[in-house]
Participant: 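Below: one structure in structure tokens.
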Amino acid sequence: MDLADTLVADFDVIDLLHTLATRSTELLDANAAGIMLADQRGSLRVMASSTEEARLLELYELQRNEGPCLDCFHSGAPVARADLDAMLATWPVFTKRMRELGFSSAQALPMRLHGDTIGVLNLFRSRPGPLTESDLWIGQAMAHVATVGLMQERSIAASEQLAEQLQAALSSRVLLEQAKGVLAERTGLSMDESFHAMRRYARANQRRLGEVAARIIDGTVDAEALRGT
Amino acid sequence: MTTAAAHDRRVAEILSLITDTEDDRPLLVRLCAQGLTALPVAGVALALMTDEGPSGVVLAATDDRARKLEELQFSLGEGPCVEASRNGRAVLEPDLGSSGPTRWPAFGAAVLEAGVRAIFAFPLRVGAIRVGILDLYRDVPGWLSAEDLAEALAFADAATVVVLYLQADSGAGLAPAALTEPIDNRAQVHQATGMITIQLDVEMAEALLRLRAHAYATSRTVSEVAVDVVDRRIRFDDSDTGASGDP
């Protein structure tokens with residue numbers, strides 16, 4: 001599975017996180033997924049999402065300071081509710097917005113390292129209720145693989161580096177957004193389509209996502225070539 | 001604390017600390033001086049970077065030793081600052097005594113000679129935009145604590161805002177407010193910046209400055225303008241306000 005390959009191959013943080021988000025929706029009974037990472041001050045940031053709706057919902061959750069991902073981050077344990085009523089009772093603001101974005105349930109799984117929670121894998125479904133036990137187990141294993149991968153990127157697992165790690169991930173994220181903008185303007189594609197075109201191109205040419213983004217920005221990869229892939 | 005707001009607040013605080021003052025030293029000199037006060041380090045320096053890589057220009061330094069070590073790295077073509085600007089990642093070297101000479105054969109010896117035992121170099125960057133490097137020098141070996149590292153990253157982000165601002169040609173019409181506001185990290189801001197590079201045929205840094213300038217000129221937030229650009233309601237051009245369309 002390509003999550004494990006990523007660990008030994010050339011590495012790109014955002015690519016790994018995005019792979020985790022996308023694979024989660026393929027392997028689990030979930031329609032969308034997103035990943036938040038925290039720094040040492042406990043500040044959470046949205047790092048990757050499988051869809052725009054998932055990203056919006058996560059940002060909203062951070063803004064309104066309410067929801068399962070935050071609870072999961074604080075408790076370090078998986079968080080879900082049995083049904084919509086239970087969700088509404090616990091997170092009224094979040095649940096309302098979740099419904100507007102077309103989801104009926106949310107499940108949050110902790111990304112843990114040496115006893116610390118460093119982030120959360122969030123799964124959103126169009127059907128109500130929590131994930132099955134086996135889905136929960138696979139989801140948690142995937143979150144663990146991503147955590148280990150994240151820490152191995154620079155072979156030093158010192159917790160001092162976590163803040164820098166996050167900063168570097170954020171820089172790659174920014175680069176990606178800039179490249180999406182360049183590609184969208186050149187081709188007329190939407191931001192989502194631009195991202196997928198970049199990812200397909202990176203896969204097909206065995207390049208890292210970050211490298212493709214940089215080449216789109218400096219113009220050494222032809223935008224039209226990406227559009228056609 | 002649940003959002004990146006804490007970091008952004010600290011960046012804004014640092015920016016107002018260095019702008020709200022009678023101090024008539026250059027902005028970046030004040031920023032380095034603040035860094036020296038706030039962090040457990042012996043020296044702070046800022047070096048400029050261009051698209052081609054490290055420029056060899058030291059923008060500011062708290063002392064002569066820090067300045068000389070910056071210059072030395074550029075003439076030798078090695079060192080944490082050179083490495084950080086090449087990779088776009090921070091270079092954290094907590095113990096130069098044991099790893100310095102192997103990691104950087106020429107620079108490692110010189111830096112130990114100068115009495116420095118740890119170096120931390122942070123790139124000043126916004127995605128593809130790379131404007132410089134912030135270097136922290138310590139006389140004792142050891143990691144920065146998690147808190148100090150967060151503080152150093154806030155200083156790096158504050159320095160990024162100032163260097164970007166100083167590089168803006170006055171034609172971009174950037175209001176002084178641009179100097180006290182951290183870069184908004186919402187995805188749309190960077191997507192819009194990417195779009196504007198094509199609309200105006202300019203570099204990424206210039207596009208970000210134009211986006212910010214337009215927001216100040218029209219009394220809107222940067223992310224509001226960015227959303228209009230991304231949704232293709234406005235386009236940037238060479239008109240007075242910098243853009244046209246129907247927001």
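Chain identifiers are assigned alphabetically (A, B, ...) following the order of the sequence lines, protein sequences preceding nucleic acid strands; residue numbering begins at 1 within each chain. None of these values were measured; they are calculated from a predicted model.
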Participant: Please determine, among B:V126, B:T193, B:T197, the option with the most heavy-atom pairs under 4.5 Å with chain A.
Facilitator: B:V126
Participant: For B:D157, is it the side chain, the backbone, both or neither that has a heavy atom under 4.5 Å from a heavy atom of chain A?
Facilitator: side chain
Participant: Can you find a pair of side-chain heavy atoms, one from A:V182 and one from B:M204, that are under 4.5 Å apart?
Facilitator: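 A side-chain contact exists here, since the closest heavy-atom pair is under 4.5 Å.
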Participant: What part of B:A192 lies closer than 4.5 angstrom to a heavy atom of chain A: side chain, backbone, both or neither?
Facilitator: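 Contact with chain A involves no heavy atom of B:A192 at all.
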Participant: Determine all donor-acceptor pairs shorter than 3.5 Å in which one atom belongs to a side chain in residues 116-125 of chain B; sequence neighbours excluded.
Facilitator:
unit_1 : atom_1 : unit_2 : atom_2 : d
B:R117 : NH1    : B:L112 : O      : 3.4
B:R125 : NE     : B:G127 : O      : 2.9
B:R125 : NH1    : B:G88  : O      : 3.1
B:R125 : NH2    : B:G127 : O      : 3.1

Participant: Has A:Q178 got a side-chain atom pairing as donor or acceptor with B:A128's backbone, closer than 3.5 angstrom?
Facilitator: yes
Participant: Any chance NE2 of A:H144 has more than 12 other-residue heavy atoms, nucleotides or ligands included, within less than 6.0 Å?
Facilitator: no
Participant: Please find the pair of heavy atoms, one from A:L189 and one from B:R232, that lie closest to each other, and give the distance.
Facilitator: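 Looking at all heavy atoms of both residues, the shortest contact is O-NH2, 3.3 Å.
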Participant: Picking from B:M195, B:Q199, B:Q188, which has the most non-hydrogen pairs under 4.5 angstrom with chain A?
Facilitator: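 Among B:M195, B:Q199, B:Q188, the one with the most close pairs to chain A is B:M195.
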Participant: If you count the non-hydrogen atoms of other residues, nucleotides and ligands that lie under 6.0 Å from CZ in B:R186, is the total more than 12?
Facilitator: no
Participant: Using non-hydrogen atoms only, which part of A:A184 is less than 4.5 Å away from chain B: side chain, backbone, both, or neither?
Facilitator: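 A:A184 touches chain B through backbone and side-chain heavy atoms alike.
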Participant: Out of A:E185, A:E177, A:M191, which one pairs with B:V230 under the side-chain contact (heavy atoms from CB on, under 4.5 Å) rule?
Facilitator: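 Of the listed options, the one satisfying the test is A:M191.
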Participant: Working to the nearest 0.5 angstrom, can you tell me the gap between B:R89 CZ and A:S172 OG?
Facilitator: 7.0 Å
Participant: Is the number of heavy atoms from other residues, nucleotides or ligands within 6.0 Å of CZ (A:R81) greater than 12?
Facilitator: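 Above 12, so yes.
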Participant: At what distance, to the nearest 0.5 angstrom, does CG of A:D218 lie from CD of B:E203?
Facilitator: 10.0 Å
Participant: Determine which residues belonging to residues 48-57 of chain A lie within contact range of chain B, meaning some heavy atom pair is under 4.5 Å apart, and list them by number or answer 'none'.
Facilitator: A:R55
